[in-house]
Each structure stands twice: as C-alpha cells, then as structure tokens.
Amino acid sequence: MAYEFLEHTADVKFRADGSTVEECFSSAADALAETVRGEIDISEVEEKSFEVEGGDREGLLYSFLEEFLFLLDAEDFLVAKIKSIKIEDLRDGALSDSDKSRPKADEAGSHPESGDSLSRVSNKSESVSEDEIIQLTHKPEVVRGEAKELGFKLKCVVVGDRVENYKFTNDVKAVTYSDMFVKKDGNKWVCQVVLDI
Amino acid sequence: MMELKKISDIEWEIPVEGGHRSVDPKTQSSGVMNVPARIFASEELLKSIKGDKSLEQVKNVAKLPGILKASYAMPDMHQGYGFPIGGVAAFDMDSGIVSPGGVGYDINCGVRLLATDLSIEDFVAKTKDVLHDFKRTIPSGVGRGHKEKLSVEDLKEILVEGAEWAVKKGMGTKEDLERTEEGGRMSVANPEDVSERAVRRGMPQSGTLGAGNHFIEIQKVEDIYDEDVAKVFGLKKGQIVVMIHCGSRGLGHQVASDYIKKLENELGVEDLPDRELISAPIKSELGQKYLSAMSCAVNFAFCNRQIIMNYVREVLERHFPGVKTSLVYDVAHNIAKIEKHDVDGKMKEVCIHRKGATRAFGPGRDELPSVYQKSGQPVIIPGSMGTASYVLVGTDESMKLAWGSAAHGAGRRMSRSKAVRELDGNEVKKDLNKKGIEVEAGSIKGLAEEAPDAYKDVDEVVRVTSEAGLARPVVKVVPIGVMKG
C-alpha cells in the first residue's frame, strides 16, 4: 500500500495503489490525509462509519475522498485511520468474465470488482429505466442517496479525533476529476487524483 | 504540438481546427473547436503557461456548445480543472451551456479592498499589533469556524440575501452593498437547490477566512498611475488600505461537487474531453438549478467577505479610535452569470463564465454604482504574498476584448510540493520582514507554499493586462502586513 505526490502547478496531485481496489482507495485516503494534516499524528478517539456510492470507480473514489472533507468541515472530525473498507458491486449479476482472473478478496473483506469500466448510468442495469434515472437526478436532495441504480457502494469505518485538538492549515477545497483514473495495472490497482487547494 | 498563432506581442490565437463535425446528440459536443482560443500573454508569461495543460484546457472550452466569439485566457492563466484558471467564456442563452467546471470549486472566491483615512506614518508603528489582533479576531485555518454555529435558518437567509444579511445584522452599511459586485446579492438563488451536505459544511464557516491562498493584507498606496480615477476610488499616495481575499469555503466546494455528480448521472461522461467540463444547457432544469445553487454559494461568499470586513473595521477602531473607512469595491473571481453584451452588433444576454478572472466593466454600465458610472469599475488584482497588488479600472475597450474581463492575480508557476521542497518558510518570513512586511501565518509550511517565488510576476501580469487593453492601472499598493490562514 503506497502513494506518491506528483508535480502540479497549482494543486496537489497524487498516485496511490494497492492489491485490491479497497487497498488502493485506502492509500488514496492516506495521501489526502497527509495533504490535510501534514505530519501530525491524530489520536484514535472516536469511530465513525459512512457509505458512499458511485456510477463508476472514479465516481466512487471521488465521493469516498469527498466524505473526509465533509467530516472535517461539517463534523469537525479528523480521520486517523481507516478501520475497514468494503466495496460492493450493485449491479446484479453484472460481473464480467475478467473477474475470474482477479485476485481474491483480501482480509479487509472486499467484494470482487468488475474489471470493465462503467461510465454511463444508462449502461448499467436493465432493471432501471431511463425515466427513473432522470427523475432521480432531478430530486433536490439526491446527492447522497441517489445511487440505487449506480454501479458501486462503499462502506467504510474510520477512527479519529476532534479537529479542535490539532493545529494545521492545509485547506483542501475539493476532490476533482482532473486527470483522475482508477485502473488495474498488472496485479495492482492504481489511482490518480488531483486535489483543489 | 498545437498551433499558436501570434497576433501581437501580447495576444495569441489557437485557430479553429478543420475536420468533420458530427455533433453528439446527447452532449451536443462536436469534439472540435467551435471558436478560436485567444490568449492574452507575453512571451515571458507564455513560458510558464506552456509548462502545464492550460493551453489544452482553453482549447477544450472552445469545443463546448454555444460558445460565442472565442475561448479567452487572461495573462495569469494556469492549469485548472475543466476550464483553465484565467478562463473566460460566454455562451448563447439558447444553444449554450453552463458548467460547474467553468466556475471552479471555490465559487465566488474574490477580493475586496477597504480604504482607510490613515496614512502610513500614522499606522506603521502599530502594524504588528493590528495584525496580531486580526489573527486573534478573525477565524482562520482549517476547522476553525465560529464557536457559535449559525442556525440552518440563518444560513438559508444568507444564501438568499448575501452581503445584505450581514448589513441587516449591523455588520456594514448600504454603501458597502453598492460597492460590491451584484450589490452583494445574486437574485436567482434558491436554497432548495443547495444540498443539506453543502449547508452543513457551510454552517460553521460563515465569516471565516479559511487557509491556502486566502489572506488579509494591510497595504499602503505606493504609486498612482491615474490621479483622477484614483480620486474617484478614494485612494491617495501613502494611504493605508486593507485587502481581503476569500471565498465560499466548504459550502461552495460542495455545491460544485454535487452538481458535477448530478450532471454526470444525467448526461454521462463518455464523450467529454475532460470530465470536469460536464455541463448542462443553460435553460435546462439542471442548468437552472446549478445557476441557482451557484448563486447561493456566491451570496454566501459575499456575506463572508462582508462579515470579515466588519471584523477588520472593529480591529482598526480598537487601535485607531474614530478611524474612517470605506469599501472601494468587492469583485468575484470565480463566477458564472447572465450579462448583456454586444454580440455581432446587438446587445443580448449571454451566460458568462469567469474562472480566475475579474469583471472589468467600463463606464456607463447599469451594473455599476453611480459613483463609478463615469470612471468604470475598480478591478482589484492581488499579487502574491509580499508583492505588490494593483487596482485597475475597466474601460470601453475591455468590453470589446473579452466580455469585460481582466486578470485576477499573479497565478502560480511553481507547485506547492516543489515550493515546500525548495523554499524554507522561515527564510520566506525573514525575507518579508527584511522588506518591512510583518507576517502572521497559520504555518511555516504554508508560508513556503505561498512564497512570492512560487507565483508569476504580478507586475508582468498587470503590464500585459494594461497593454492588451483589458483594464487600465490606477494605483499600485504594497503590503506592510500579511495575515495568512
């Protein structure tokens, strides 16, 4: 599990990897954490759990990392460590043949991931009609729970501490899609993210 | 290599490419440029512009449906996401789009300048005390919101009323509002279009400075280039002014993220040259909802700067009882809005995106307060920490060049990680102190990240802005005290 920071004129760019998508996402969260708090150690005082969803792996990673910014801003909570992370494929029977060649789920409890890329809601599941999709995306408060028809669900448990117990100044404004990818490279999963600072 | 045609020493064009134009029915994107790209830059500035993806990005914007005239880039342009920073584009109201990537994550990040009746001689001995008091009084940094959080009701009022809310609560004057872009309040702002998550991120952050490149700077007026206009702006040599730079904080960031996701879910991302260029037709339901939510974030930012300015006034009053202050102007740097412009000889409404660019309206525009009707609007261009900043004025010519827009700052040229690697924050502080600039910073690392060497030369950006006719310099100010988040 690892991450490295890359050059970017204005913002912060990093690449992270892991032997499963979960590990890869965990590494990405570590890179985000380092950007936010620098070298400071955060105590493991309180536990929180959350769920996010995404139409494809990039969308899922975006929402996953964004959750850490939300916890910081809205709940004054700094994450010290990810306790568990589990990604679920929401497309019934949608696993492709390429899945068979992928590594087994690790002890983190990961669910096998589909190897093909999904980028359109409309490609996903036959059980959801175009009309339903439009209707869902038009609801005002759908950002979090809109994803019944989407591709992936991620459940995560984190431990950390209240932000007021620490002093740091690196304000990450947002996760971006700029140059983002999540892909399988040999027997590793690799992702790349640019954070808006 | 893409073609970059020289128009003049300070203007360049990426011409429209030839090729087949099959328009994708869903995204309305033809995959080729609909208009040329125009870049206002000197050879010197182009060197760093060519070092990243900004030219590719300004070209991608030219591919968007309904774009009018050209995809413009200001002299301080650098790589953004979707649109470049320093990107300006206008879209036809019927065939055009609105894009969260054309505004950015820090919606209505902007700057205001407060003039005082204090002179450098009156002030200089107290610089350190005042700066320290700013740091104590104004919440800044990460996770440092108000001790008393606003209620959801208060926050929703702010989303609708903008800076008016702060004035209503006694934190400012009517004159402040007149001297704020849009009067400090965008009208089509419905909090129903803002997610609960965005509201929750915003609640603790109202009236906070944040961190990163946001700052409060005590400056003195160093040079006057246009005496008459400087007088109209209420500025004279040796005078102390205070510049405030901040935006919509987590609320604006969340609005941007939310709508990028919503648009993706509705439209898909397969055919986009860049996922951050996702957009909706201006008059579509989602396009209208984004404009409304964005306006809420814009209002939140106007209100933030108003509240922070009120703190600044309180601190100044503590140290200089009876001090008189007046807001010169407040300008937005990241915004989309409907404005009337000359399109092929006819005045018509268009949807302007300014991402890292300042509105620079010339004389006679309805949007300007009566005091600036004859002069044109103040255009505030902050330099990097410790370097000069400028106040320019919008001109008739700027209206014709890039939809009445100008540069917004120095623009980075060095990555944060490289700055931290190569520059020592303590040295940066020493250098600033040597130049007579006091510093209150949240962290030493932050000082390295924001060091003057990490930015382009603001003097060159302003020179090109002026020579291109985008705006005309009025005064130069230099810092004597900097507070970073």
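These numbers were taken from a predicted model, which means no experiment stands behind them. Letters go in sequence order (proteins before strands), and every chain restarts at 1.
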About how many Å separate CZ of B:R275 and OG1 of A:T176, when rounded to the nearest 0.5 Å? 11.0 Å

Considering non-hydrogen atoms only, spot the tightest contact between B:G250 and A:D73 and give its length. CA-OD2, 3.4 Å

Taking every non-hydrogen atom, the tightest pair across B:G80 and A:S178: O-OG, 4.2 Å

So, taking the atom named CZ in A:F70 and the one named OG in B:S257, what distance separates them when rounded to the nearest 0.5 Å? 12.0 Å

Report the C-alpha distance between A:K173 and B:R249 in whole Å, list the side-chain angles of each, state the deciding distance to 0.1 Å, and finish with yes or no for side chain to side chain contact (heavy atoms under 4.5 Å, CB included). CA-CA 7 Å; A:K173 285 177 183 167; B:R249 313 279 282 109; over 6 Å; no

Check whether more than 12 heavy atoms from other residues, nucleotides or ligands sit under 6.0 Å from atom NZ of A:K48, and answer yes or no. yes

Closer than 4.0 angstrom, basic N to acidic O: yes or no for B:R201 and A:E66? no

Please walk me through it: do A:E39 and B:K445 pass side chain to side chain contact (heavy atoms under 4.5 Å, CB included)? CA-CA 11 Å; A:E39 306 290 310; B:K445 187 175 164 215; over 6 Å; no

Does any heavy atom of chain A fall under 4.5 Å from the side chain of B:I260, the backbone, both, or neither of them? side chain

A:S63: which residues meet the side-chain hydrogen bond (donor to acceptor under 3.5 Å, both in side chains) condition with it, sequence neighbours left out? B:K261

With rounding to the nearest 0.5 Å, note down the distance linking CG in A:D179 to OH in B:Y81. 13.0 Å

Please flag which part of A:V194 lies under 4.5 Å from any non-hydrogen atom of chain B: side chain, backbone, both or neither. neither

Run the side-chain hydrogen bond (donor to acceptor under 3.5 Å, both in side chains) test against B:H253 and tell me which residues pass, sequence neighbours left out. none

Against chain B, label A:L69 side chain, backbone, both or neither, depending on which of its atoms sit under 4.5 Å from a heavy atom there. both

Heavy-atom distance under 4.5 Å to chain B: side chain of A:Y62, backbone, both or neither? side chain

Residue pair B:Y105 / A:V175: nearest heavy atoms and the distance that separates them: OH-O, 3.1 Å

